[in-house]
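In what follows, residues are counted from 1 in the order of the sequence shown.
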Amino acid sequence: MQTVLQTLSTTIAPAEIRTWDALSDFQQAQLTRSIRHPDQIAWVTPTSIEELSAIVACAHRNQWRILPCGRASKLHWGGVIDAVTLVVSTEKLDRLVEHAEGDLTVTAEAGISFAKLQSIVGEVGQFCAIDPTGPDQATLGGVIATADTGSLRHRYNSVRDMLLGVTFVRCDGEIVKAGGRVVKNVAGYDLMKLLTGSYGTLGILAQATVRVYPIPPVSRSMILMGDPVALEKVTQTLLSSALTPVSVDLLSNVITAALGFANTPSLLVRFQSIAESVDQQIERFTEVGKTLNLSISEPADSDLWQQLTEQINLSAQSDQIVCKIGVKPSEAVSVLNQISALLPTAEVLIHAGSGIGRLSVREARSTQLLEARSICEATGGYLSVLQASIEFKQQLEVWGYSGNANAKRGASIDWMKRIKAQFDPQTLFSPHRFVGGI
């Protein structure tokens, strides 16, 4: 380690190099949940893209493995990482580069907190249509690297759909730009989609341009509770109707009760638009719910979503096991009920339009999660373990498939490995964190 520190200091003199003892309790805890032998790393914090480039180039010359991160809030997501030499944090790359209000875009460095970015664009009545876990701690780069978004994806799609341009550092230290700062940009290869959700295995994000939208003038929500069969019918009716909700979430009884409602599964729906449109849509959907004898409540919109956000963040910041799940949307209610029966204390949320969701549980055996995975896979879906102790993750395949299940999955992993070999042939970035041990 002393040799590493000396080389860094004499070669690039970065703004800050810390060893294990100098890290905060939070940083130590995140590393302990992420890496084998975390006390053997150096934590480096560049203050410019050029400095980041120099650090990576130095690591490349010396064959040091790197774990990129922002503020480490999602450092423990994904597979158990093999021993690394450097943790490179972009938290000091936190400057706003440009907010093009008229073009509805914003460009910022990767280390800016998502909450800060949201606040900046909010000053002119705009917002980033991404709702990641822990926005106060999450950075723009971390949100992109983990493709982390929530209920807003029903209306605004995924993180990669928000991304217009990126600047990132390759494994050899070269600075690469892709895309641009305008919505109608078609120049170059679409590297943004490759980097989105790559968990820092292909490069280190340094800067990004994302779309922003005008804040809707009116927002109202309603929650429908009752018989699962009726809940499934009302969900399918909504999704096949001309109504345009922003969010459509199926909640397990545990989450519904935690929000202060009945101990039953529920459907949480949010409408945003001009007042006349929202009022009409609420009225029409209320009629559908009443026809199916569902209990309907319309709580204060902002309070309700703040409660749900806090509930999700609470599990993410605790020692709970957190999984990302995907199911066929038409089977979402059935999967919700089956998982709730298997794990009665689990918090399960599924975005009804996409079938993507999350499962959080304080205690579970690996066999129970494997059974929950089988439930998801029976609908053509998946279950990936994002957050758990290293000991727990070593008991199962974290991402949920190794490529042996069928030819399609095997081909997908082969392609991912080939892409990894092109971007990072020496496996210096986030070794074994991603699918298939990438």
Exercise. Can E91 and T45 be said to form a side-chain contact (heavy atoms from CB on, under 4.5 Å), step by step?
Worked result: CA-CA 7 Å; E91 63 181 319; T45 311; 3.9 Å; yes
Problem set entry | Trace of the side-chain contact (heavy atoms from CB on, under 4.5 Å) decision for V269 with F271 | CA-CA 7 Å; V269 183; F271 296 97; 3.6 Å; yes
For this session: May I ask you to decide if T133's main-chain N or O and K74's side chain share a donor-acceptor pair within less than 3.5 Å?
Result: yes
Problem set entry | Point-to-point distance, once rounded to the nearest 0.5 Å, from CZ of F392 to CZ of R365 | 10.0 Å
Problem set entry | Salt bridge present between D279 and R220 (N-O < 4.0 angstrom) | yes
Problem set entry | Pairwise side-chain contact, L349 with H351, heavy-atom cut-off 4.5 Å (strictly under) | yes
For this session: Please test V248 against L267 for side-chain contact (heavy atoms from CB on, under 4.5 Å), starting from the C-alpha separation and ending with a verdict.
Result: CA-CA 7 Å; V248 183; L267 179 69; 3.7 Å; yes
Exercise. Does Q126 use its side chain to pair, donor to acceptor, with the backbone of L104 at less than 3.5 Å?
Worked result: no
For this session: Report the distance from atom OG1 of T235 to atom NZ of K233, rounding to the nearest 0.5 Å.
Result: 12.5 Å
For this session: Would you please name every residue forming a side chain to side chain contact (heavy atoms under 4.5 Å, CB included) with D161, sequence neighbours left out?
Result: N157, S158
Problem set entry | Evaluation steps, side-chain contact (heavy atoms from CB on, under 4.5 Å), between W399 and S384 | CA-CA 4 Å; W399 287 98; S384 299; 3.8 Å; yes
Exercise. Distance-only, no hydrogens or angles: does the T196 side chain make a donor-acceptor pair with backbone N or O of M192 under 3.5 Å?
Worked result: yes
For this session: Return the set of residues passing ring pair (Phe, Tyr, Trp, His ring centres under 6.0 Å) with F127 (not counting sequence neighbours), or none when no residue passes.
Result: Y156
Exercise. Is it true that E16 and K92 make a salt bridge, defined as a side-chain N closer than 4.0 Å to a carboxylate O?
Worked result: yes
Exercise. Ignoring hydrogens and geometry, is there a side-chain-to-backbone donor-acceptor pair from Q306 to S302 under 3.5 Å?
Worked result: no
Side chains of residues 323-332: which donor-acceptor pairs under 3.5 Å do they make with residues two or more places apart or in other chains?
none

Exercise. In terms of side-chain heavy atoms, does Q311 have a donor or acceptor partner in E347 at a distance below 3.5 Å?
Worked result: yes
For this session: Spell out, as yes or no, whether a donor-acceptor pair under 3.5 Å connects the side chain of S252 to the backbone of V348.
Result: yes
